[in-house]
Protein chains: 2
Amino acid sequence: MRKKRKHEGTNSRKHEGSALVIELNAVIVAVTDGKPRILVVQHPDHPENADDQKDSLPPDALPFGPLDPAADRTLELGLRRWVRERTGMELGYVEQLYTFGDRNRDPGELEGGPRVISVPYLALVKERQLSDMGTARWQDWYEFFPWEDWLQRHSSVIDEEIAPALETWIRNDPDPESCDRRRERIEIAFGLGGTPWDEEKVLDRYELLYETGLVPEQARDQELGIEYERESPVSSVELSTESSGVSLVRPMALDHRRILATAMGRLRGKIKYRPVVFELLPRNFTLLQLQRVVEALAGVGLHKQNFRRFVEKGGLVEETGQWETKTGGRPAKLFCFRREVLRERPAPGVGLPGVRH
Amino acid sequence: MRKKRKHEGTNSRKHEGSALVIELNAVIVAVTDGKPRILVVQHPDHPENADDQKDSLPPDALPFGPLDPAADRTLELGLRRWVRERTGMELGYVEQLYTFGDRNRDPGELEGGPRVISVPYLALVKERQLSDMGTARWQDWYEFFPWEDWLQRHSSVIDEEIAPALETWIRNDPDPESCDRRRERIEIAFGLGGTPWDEEKVLDRYELLYETGLVPEQARDQELGIEYERESPVSSVELSTESSGVSLVRPMALDHRRILATAMGRLRGKIKYRPVVFELLPRNFTLLQLQRVVEALAGVGLHKQNFRRFVEKGGLVEETGQWETKTGGRPAKLFCFRREVLRERPAPGVGLPGVRH
DNA sequence: TCAATTATGCTCATTGTTAGCATAAGTGGT
DNA sequence: ACCACTTATGCTAACAATGAGCATAATTGA
């Protein structure tokens, strides 16, 4: 009984006995103090909250709510509805991410619960909208993905922890062909062996870490008997037993880290060809503020002068005539998004001009 | 009774009385003779087949099948299963497109049927796999989207039919603000008023044509009392009554044209940063063959010499040493996809080097 | 006033793109 | 054999975009 889902209780009888429900997840992103943060809640009644856990740190969960097939006219309106109801937040920009429908992605299914299809959305909100109601908190998304941060942590996690562990994983594969495939996947995903780092491949990296058990939920799922196969099957305890995964990753409920990875990758890609960063900024901003937000999202540092040239010459912003004086140095011009760019360029985005190597 | 869905009958009792079903759609694309074609079927029992239709041309439908929540381990496997069962085709590359869950997108809901959520997939198959079983046929996708073809038809449809009609639509809006928004959307979507044509904006263009009733299904949906609102509400018979839409568009069932638009836009975007075109080509091909496929998909013509430079210097292909002699001119080198490019470049795609203006 | 900090202007070499010109090597017809 | 025609392929000049850095400007705090 402990895994009874909240929305089974709250919804009308229409769902009772149904083999199928749709759960809407929200990855609500804001950037504060140069850190991308997502809104997380405490998952109401998840197995990991039970006492069979060694470390009792309860996993964070993405906010979620049910689709009410009878009441919600569209999925997006359903999402907006329960986000409003539960957090009081009125979402602006939202974008559907993907639909996750693997069996047993919700362990409740193992006990006869309905098949839960999850349709997560990405939502971007402005800094100032920080309103934390109930158990909801903002959490730096790099706490869930330390290896994605090449700005603050220099991502030594990869060299020191991930790369060696993956190397073991490669070598433990008896089949030389599959071995090569593993190596190729790893080198492409993590930018090893001469391959350049691609900040968009968040999901590929996650999938690899899941398969290799370097991420805590793999062990948890395996204990529950959930198979989450991709290309190559997980050969359980291939890795040295003491290294139970990448250190310092916050636990996450269900497959929410996978969803977050999807969101991060999508957003990192999208800022390059769509002016979505501005959803995360106040109406007026300095170019450095803009740069910091882009850097925070992409997880990489950018060349300041080139960034400013790109964004100004690209017609993405225009001067407001105002100045920001509290910069700690020379005052900076304040800019705002230049809407006309939409007519001029087919794919107006910020790109990552001058990524530091 | 005429609208009873096939899978309600074929599936187990688990679905009986359920308020929710998931339908998997497949947009199966192949390129033959320089034309992108999709696999269409005749929709089993759709209202448009009834005799209340003036022109009795039955609408084409995308192949679809139900998700069996009890049997299908993943959505993708469910898709592959019924495609195999119904067409004998074993799909290779597939990619989830989007999830459409608007109420009444299936008119059966109006008569108490379950809410039908559609999860369409894009599948790419090779030319030779053309196997048409049952009612399934291959159909040039530009028959459904004449205005997307700037290669064969020069797309005079836009100048002669669409642009004037949209101009009327703009002028018929009493509110000057909303009027401006309409104009901006149109100019951006259709590349009018100095804005460049963006071949990826297939869905935006479709949405506009739907809203303005230039596409046959708008009238049909309105007759059925289905609201499919986006930003601005459809003001029904704003347009001159005689012009009942763009000429020569093949009718499509349900919201399948919207799904196809999503697929086209996605594919047109994806070829630029992912080497997916090769899924549509034989293992060995000439550079012109490759170019023709890209052109067919993107709907625009490319500069031959620049295309070949781009694709060769970009490391996307490698020579096989073989020659194609039946070119009708000088024999051409045969190339194949160069897999190593995946390691070298973060986003290896074909791009559209040298689009003809 | 100095050091530190941030903003902003400008350069230069490199690389990539656009739009062509020109040549090569086949075809079919007369 | 010669022709017109087709397709393949090599090459270039002008221009645009990018990467990396130097230099200067305008603030603040010690």
Side-chain angles (χ1 to χ4, degrees), chain A residues 33-34 196-197 272-273 284-295 298 300-335 341 344-357, chain B residues 33-34 196-197 272-273 284-295 298 300-335 341 344-357:
Chain A
D33 313 323
W197 172 260
K272 293 177 192 160
Y273 63 93
N284 297 315
F285 47 83
T286 70
L287 293 184
L288 188 58
Q289 274 174 43
L290 175 58
Q291 182 180 345
R292 291 291 178 238
V293 172
V294 174
E295 288 176 327
V300 296
L302 302 176
H303 184 277
K304 195 166 169 179
Q305 295 95 322
N306 288 344
F307 180 81
R308 116 199 297 305
R309 177 181 58 188
F310 181 94
V311 87
E312 273 190 285
K313 292 219 330 180
L316 227 74
V317 297
E318 60 189 345
E319 298 185 12
T320 60
Q322 299 169 271
W323 295 79
E324 172 64 67
T325 56
K326 278 160 285 183
T327 56
R330 174 174 168 175
K333 285 181 193 164
L334 279 167
F335 290 81
V341 77
E344 298 162 3
R345 299 203 342 231
V350 187
L352 303 181
V355 195
R356 278 197 237 294
H357 303 294
Chain B
D33 312 323
W197 173 260
K272 293 178 192 159
Y273 64 93
N284 297 315
F285 47 84
T286 70
L287 292 185
L288 188 58
Q289 275 174 44
L290 174 59
Q291 182 180 345
R292 291 292 178 238
V293 172
V294 174
E295 287 176 327
V300 294
L302 303 176
H303 185 277
K304 195 166 168 177
Q305 294 95 322
N306 289 344
F307 180 82
R308 111 200 300 309
R309 178 186 54 190
F310 181 94
V311 88
E312 274 188 286
K313 293 221 328 180
L316 227 74
V317 298
E318 60 189 345
E319 298 186 12
T320 60
Q322 299 169 274
W323 295 79
E324 173 64 68
T325 56
K326 278 160 286 181
T327 56
R330 173 174 168 176
K333 286 180 192 164
L334 280 168
F335 290 81
V341 77
E344 298 161 3
R345 299 206 337 234
V350 186
L352 303 180
V355 193
R356 275 198 239 295
H357 301 292

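Protein chains get the first letters and strands the later ones, always in sequence-line order, with residue 1 at the start of each.
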Problem - Separation of atom CH2 in W323(A) from atom P in dT28(D), rounded to whole Å - result: 14 Å

Handout entry: Close side-chain approach of F335(B) and E318(B), heavy atoms under 4.5 Å
Key = no

Handout entry: Atom-pair distance (CZ on F307(A); P on dA20(D)), nearest Å
Key = 16 Å

Practice task
Take the protein atom CD of Q291(B) and the nucleotide atom P of dT7(D), then report the distance between them rounded to whole Å.
Solution key: 12 Å

Handout entry: Under 3.5 Å donor-acceptor, E319(B) side chain and G321(B) backbone
Key = no

Problem - Side-chain heavy atoms of V293(B) within contact of Q289(B), under 4.5 Å - result: no

Problem - Closest-nucleotide 5' rank along DNA chain C - winner of P331(B) and Q289(A) - result: Q289(A)

Practice task
For P353(B) and V350(B), work out which heavy atoms get closest and say how close.
Solution key: CD-O, 3.7 Å

Exercise for the section: Give the rounded distance in Å between these two atoms: CD of E324(A) and P of dT27(D). Expected result: 13 Å

Exercise for the section: For E295(B) and L302(B), work out which heavy atoms get closest and say how close. Expected result: OE2-N, 2.7 Å

Completion exercise
Picking from dA25(C), dT7(D), dA7(C), the nucleotide nearest the side-chain atoms of T327(B) would be dT7(D)

Practice task
Hey, which sits more toward the 5' end of DNA chain C by its nearest nucleotide, E312(A) or G329(A)?
Solution key: G329(A)

Practice task
For the residue pair F307(B) and V294(B), establish whether any side-chain heavy-atom pair is separated by less than 4.5 Å.
Solution key: yes

Exercise for the section: Indicate whether OP1 or OP2 belonging to dA24(C) is found under 4.0 Å from a side-chain N or O atom of R330(B). Expected result: no

Exercise for the section: Using a 4.5 Å cut-off on heavy atoms from C-beta on, say whether the side chain of R345(B) contacts that of L316(B). Expected result: yes

Exercise for the section: Indicate, with a heavy-atom threshold strictly under 4.0 Å, whether L287(A) touches base, sugar-phosphate, or nothing. Expected result: nothing

Exercise for the section: Report yes if a donor N or O on one partner sits less than 3.5 Å from an acceptor N or O on the other, where the partners are the side chain of R308(A) and the base of dG9(C); otherwise report no. Expected result: no

Handout entry: Toward the 5' end of DNA chain D, by each residue's nearest nucleotide, L352(A) or T325(A)
Key = L352(A)

Practice task
Measure the distance from NZ on K304(B) to P on dA8(D) and round it to the nearest whole Å.
Solution key: 4 Å

Exercise for the section: Using atom CZ of R292(A) as one end and atom C1' of dT5(C) as the other, report the distance to the nearest whole Å. Expected result: 12 Å

Completion exercise
Considering only heavy side-chain atoms of R309(A), the closest of dT9(D), dG19(D), dT8(C) is dG19(D)

Handout entry: Gap between atoms NZ and P, on K326(B) and dA8(D) respectively (whole Å)
Key = 14 Å

Table of protein N/O atoms under 3.5 Å from nucleotides 21-23 of chain D N/O atoms:
from	atom 1	to	atom 2	distance (Å)
dG21(D)	N7	H303(A)	NE2	2.9
dC22(D)	N4	Q305(A)	NE2	2.6

Handout entry: Between dT8(C) (P) and L288(A) (CG): distance, integer Å
Key = 10 Å

Handout entry: Sugar-phosphate, base or nothing in reach of K333(B), heavy atoms under 4.0 Å
Key = sugar-phosphate

